[in-house]
Structures are given as structure tokens and as C-alpha cells.
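Read through the structure below, which is laid out as C-alpha cells, and then see the notes.
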Amino acid sequence: QVKLVESGGGEVQAGGSLRLSCAASDHSFAAYGMGWFRQRPGEERTFVAVTSWLGDTTHYADSIKGRFTISRDNAKITVHLQMNNLQPEDTAVYYCVVGLSHTVMPLTTTAGVRSWGQGTQVTVSS
């Protein structure tokens with residue numbers, strides 16, 4: 001069990017930027033993959049981005065490539081999601097996740113998630 005505390009959500013106009021942050025309370029999972037999922041209203045949770053514990057391996061959903069950047073601060077066991085050029089279709093609840101393993105690819109699906117954050121709302125107006 002690990003507690004994930006998210007911050008940085010909010011409401012912005014199309015074309016704006018937000019930076020999400022997520023801090024893990026349990027240092028024993030510092031070497032596990034961390035990432036982000038999102039859930040649009042009426043839809044299932046879908047993968048957004050993931051990074052290895054060193055930050056040397058990342059993977060992004062096609063819908064956000066070139067606009068979002070994931071990074072990790074290992075000293076603080078924290079993961080960030082820099083979101084640029086936000087669009088109305090990016091409106092969703094964003095969830096921070098910790099993986100079940102040390103590898104990246106299993107965390108691209110919900111089956112690979114060990115723990116979920118409570119979620120932070122991102123709203124993009126046109």
C-alpha cells in the first residue's frame with residue numbers, strides 16, 4: 001500500500017499549461033515505475049504517460065505526444081506531468097499511479113497499477 005498525493009490541477013483556457021505533481025508517501029516504491037492516467041466524463045480510465053524510476057525510459061499515449069512531458073524527482077519520490085497546449089478534449093480527472101513492477105510497459109494498462117491517487121481535476125475551456 002502506498003499513498004499518492006496529487007496537486008496542480010485546475011481550470012485553464014485552451015492553449016494554456018498546467019503542471020501536475022504527485023508525491024509518494026512510501027519510499028520502498030521509489031524504484032518502481034510511476035505515471036499518469038486520466039478519465040474523461042463517461043469514459044474509462046486511459047493511459048497518459050509513464051516513466052521509469054531513473055527517468056531514462058518514458059512512454060506516452062498518442063493523443064498527448066509532443067504536448068505533455070513526464071519527469072521524476074527521485075530524491076523526493078515525486079513524479080510530474082507538464083501539460084502544454086491544453087485542449088478541451090484533455091478535460092478529465094488525472095490520476096497518479098505506482099506500478100506493480102520496476103518496468104515501464106506494464107504500467108500502460110490499468111492491470112499494471114499497484115496504487116492509485118485520488119485524482120485531480122483538469123478542466124480546459126474553449
Side-chain angles (χ1 to χ4, degrees):
Q1 186 179 68
V2 59
K3 182 179 180 181
L4 301 171
V5 180
E6 299 146 325
S7 62
E11 183 174 353
V12 298
Q13 295 186 44
S17 299
L18 286 173
R19 182 177 173 85
L20 305 183
S21 297
C22 173
S25 62
D26 193 338
H27 66 85
S28 65
F29 295 100
Y32 285 71
M34 295 184 69
W36 297 88
F37 282 67
R38 70 183 181 186
Q39 185 170 19
R40 299 189 182 95
E43 299 181 7
E44 297 182 340
R45 294 183 187 184
T46 57
F47 168 76
V48 175
V50 63
T51 181
S52 63
W53 74 283
L54 288 175
D56 58 338
T57 302
T58 59
H59 185 69
Y60 297 92
D62 290 339
S63 60
I64 55 85
K65 283 183 178 178
R67 299 188 297 119
F68 293 8
T69 302
I70 189 170
S71 61
R72 189 165 184 172
D73 184 343
N74 293 319
K76 298 181 179 180
I77 317 176
T78 303
V79 65
H80 306 281
L81 186 68
Q82 178 66 46
M83 304 184 293
N84 297 325
N85 192 24
L86 285 162
Q87 301 299 312
E89 55 265 34
D90 297 316
T91 295
V93 177
Y94 285 73
Y95 296 89
C96 178
V97 296
V98 173
L100 287 166
S101 71
H102 300 277
T103 56
V104 170
M105 293 310 295
L107 201 48
T108 61
T109 66
T110 57
V113 176
R114 177 187 297 274
S115 299
W116 298 87
Q118 294 188 33
T120 183
Q121 177 71 47
V122 172
T123 302
V124 185
S125 59
S126 59

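FYI, the numbering just counts along the sequence from 1. As the structure is a prediction and not an experimental result, all values here were calculated from the model.
- For Q39, the CD atom counts as densely surrounded, since its 6.0 Å shell holds more than 12 non-hydrogen atoms of other residues, nucleotides or ligands.
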Which pairs would a plain distance check flag for residues 7-20, meaning a side-chain donor or acceptor within less than 3.5 Å of a matching protein atom at least two apart in sequence or in another chain?
| unit_1 | atom_1 | unit_2 | atom_2 | d |
| --- | --- | --- | --- | --- |
| S17 | OG | N84 | OD1 | 2.9 |

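- F68 and Y95 fall into different hydrophobic clusters, where Ile, Leu, Val, Met, Phe, Trp and Tyr residues are linked whenever their side-chain heavy atoms come under 4.5 Å apart, directly or through other members.
- Taken to the nearest 0.5 Å, the CZ atom of R67 stands 4.0 Å off from the CG atom of D90.
- Scanning for salt bridge (Lys or Arg N to Asp or Glu O under 4.0 Å) contacts around E43 gives R40, with sequence neighbours left out.
- Residues meeting the salt bridge (Lys or Arg N to Asp or Glu O under 4.0 Å) test with D56, sequence neighbours left out: none.
- Within the 3.5 Å criterion, the main-chain N or O of I70 finds a donor-acceptor partner in the side chain of Y60.
- A continuous path of hydrophobic side-chain contacts links W116 to V93 [ILVMFWY only; heavy atoms under 4.5 Å].
- Q87 places no side-chain N or O within donor-acceptor distance of the main-chain N or O of V124, the cut-off being under 3.5 Å.
- Tested against W36 for a side chain to side chain contact (heavy atoms under 4.5 Å, CB included), the candidates L81, T51, I64 yield a single pass: L81.
- Every side-chain contact (heavy atoms from CB on, under 4.5 Å) that L107 has, sequence neighbours left out, goes to V50, V97, V113.
- Every side-chain contact (heavy atoms from CB on, under 4.5 Å) that T46 has, sequence neighbours left out, goes to R38.
- Note: the hydrophobic cluster containing F37 does not contain V122 (ILVMFWY, side chain heavy atoms under 4.5 Å, direct or indirect links).
- In this view, H59 and F47 satisfy the ring-ring contact (aromatic ring centres under 6.0 Å, His included) rule, not counting sequence neighbours.
- I77 and V104 are members of different hydrophobic clusters when ILVMFWY side chains are connected at heavy-atom separations under 4.5 Å.
- Here the straight-line distance linking atom CE of M105 with atom OG of S52 works out to 12.5 Å at 0.5 Å rounding.
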